[in-house]
Protein chains: 2
Amino acid sequence: MDKYYEVLLKSQPFLGFSLEELRSVLEYLNANPVSYPKGSTVFNQGEKITHSGILLEGSVIAESVSYSGERRIIQTLHAGDLFGDVLMYSEHDPTPVSTIVREDSKVLLLDVNELMEKACNPLCRKALVNILHGLADKFWTLNRKIAYLSCNQMRSKIAMFLLDMQKRHNSQTFIAEYSREELASLLGVNRSALSRELSRMQKDGLISFYKSSFKIENLQKLRNCL
Amino acid sequence: MDKYYEVLLKSQPFLGFSLEELRSVLEYLNANPVSYPKGSTVFNQGEKITHSGILLEGSVIAESVSYSGERRIIQTLHAGDLFGDVLMYSEHDPTPVSTIVREDSKVLLLDVNELMEKACNPLCRKALVNILHGLADKFWTLNRKIAYLSCNQMRSKIAMFLLDMQKRHNSQTFIAEYSREELASLLGVNRSALSRELSRMQKDGLISFYKSSFKIENLQKLRNCL
DNA sequence: GAAACTATGTTGCTATAGCAACGTAAATTC
DNA sequence: GAATTTACGTTGCTATAGCAACATAGTTTC
């Protein structure tokens, strides 16, 4: 267990915990790592979820199977990532997502209902609050994505994204943490069409860029794209 | 206060509460209705949110002002609706949303942090769990919306929506709770273009419809649209 | 350092969906 | 019940963005 403390301290539920607090709450919850061999599943589409998981080591992906039987990868999880937190609470539908183990992995299973039952314990409350924050953050991420997708001009999508980045980095020069392909996916557009529009915006003096480094050349004009 | 019990029992935080439980928890939390005159705001864009609100009577809308200064209505709230629940938890950013009072309104303010502090009380826990469920539901609503928006063929969007409805109603015949305008907005398309594509799908024998009543005529073909 | 691969930029073609404008039926108002 | 409004369907025009195919530069592999 000890070898995973570092990962856990960086995971959403235990942000801000001291090592002592972490030890204490894990003992109190009687939480232990579970091994999943490559190819197994942690959650299955259609199941009812009773636990959330924190990936301690290995590799897990979340995917869903569409009506037409096509598989779509929703998320690739990394060590420290919390998954299943949203699933746990939407009891109504069974989960539309499966999590599939890509390499032998260790997962810490958290029963969030138990956490709630034990909320008299301040550490459990602290973890709960952290989980709530995480949920809210995921919510806003989705909201931004919807905002991007809702623009029906590509230039608007790009402008919105760039202005978000400017706000986050508090600078008109920044490096976006996305490849072109990923950015295209985030904005819901074709990659080559994205490249074309970026070039146009550069030609129009709105921005300049090289790979993932962007500079906003004319903030006012960029805002007018919205 | 008594006159609002009915509304509160139908609000997300107090679902499944008995009248006695509701009375008890409200007293315990010392929660009272607050009056907001027409034109005032409950939350202001840029503020830090410390409470969530349950609209007891009146009319409130949530809106945000974009970079370009344009106002966009995000949501129209009705009696019993919980708002600000997501906002409360994303401490990082101040809220990007304002809630504006359209008619003289009464709002019950809930300090969810207080609810968490008092989680030793089973009723407070119950309310917290309800709020979590509500959050998760909102999350899934957004997720579906993203799924719709992500299709780049209008027919795919429509098919996905109709298949969702079929699943929910458990029937190939159903009445969608959206007007054309609203449906167009949900799918992120132009209303008239939506009408056109619906007509085409009818001509192609996929569906039939009259206003908001839909019938899936060929399930397999519809699935193939995805 | 040659070869293979990957990420990104460029361009022509074309289908699609936005937009505007109009028609019609139903609902609401007085 | 006439008048107004609202909701929905229809259609032509056109800009836009998807797609495919290719170019190029940078990176990795051996």
query = Minimum heavy-atom separation for H51(A) to F43(A), with atom names?
reply = O-CZ, 3.1 Å
remark   = Closest non-hydrogen contact found for L219(A) with Q172(A) is CD2-OE1, 3.6 Å
Neighbour count >12 (heavy atoms, 6.0 Å) for atom CD, E182(A) =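 Atom CD in E182(A) is packed in, count exceeds 12.
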query = Heavy-atom count around I175(A) CD1 within 6.0 Å, excluding the residue itself: above 12?
reply =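 No - once you tally the heavy atoms of other residues, nucleotides and ligands closer than 6.0 Å, there are 12 at most.
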Validation: residues 147-154 of chain B side-chain donor-acceptor distances under 3.5 Å, sequence neighbours left out:
| unit_1 | atom_1 | unit_2 | atom_2 | d |
| --- | --- | --- | --- | --- |
| Y148(B) | OH | D164(B) | OD2 | 2.5 |
| S150(B) | OG | I146(B) | O | 2.7 |

task = Please list all pairs passing the salt bridge (charged side-chain N to carboxylate O under 4.0 Å, His left out) test where one or both residues lie in residues 50-60 of chain B, with sequence neighbours left out.
result =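 Qualifying pairs: K3(B)-E57(B).
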inquiry  = Angle between the end axes of the helix from dG1(C)-dC30(D) to dC30(C)-dG1(D), five pairs per end, to the nearest 10 degrees?
reply    = 60°
key: salt bridge (charged side-chain N to carboxylate O under 4.0 Å, His left out) partners for K145(A), two or more places apart   = none
key: K203(B) with E197(B): basic N within carboxylate O range, under 4.0 Å   = no
query = Any ion pair linking D81(A) and K10(A) (charged N to carboxylate O, less than 4.0 Å)?
reply =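 Salt bridge between K10(A) and D81(A), a charged N being under 4.0 Å from a carboxylate O: no.
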remark   = Counting primed atoms, P, OP1 and OP2 as sugar-phosphate and everything else as base, the B/S/- map of nucleotides 7-22 of chain D against protein heavy atoms under 4.0 Å is -BBBBB----SBBB--
Return the polar atom pairs (N/O with N/O) between nucleotides 4-6 of chain D and the protein under 3.5 Å, or none.
none

inquiry  = Side chains of S208(A) and K215(A) only: does a donor on one sit below 3.5 Å from an acceptor on the other?
reply    =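 No - no donor-acceptor pair under 3.5 Å links their side chains.
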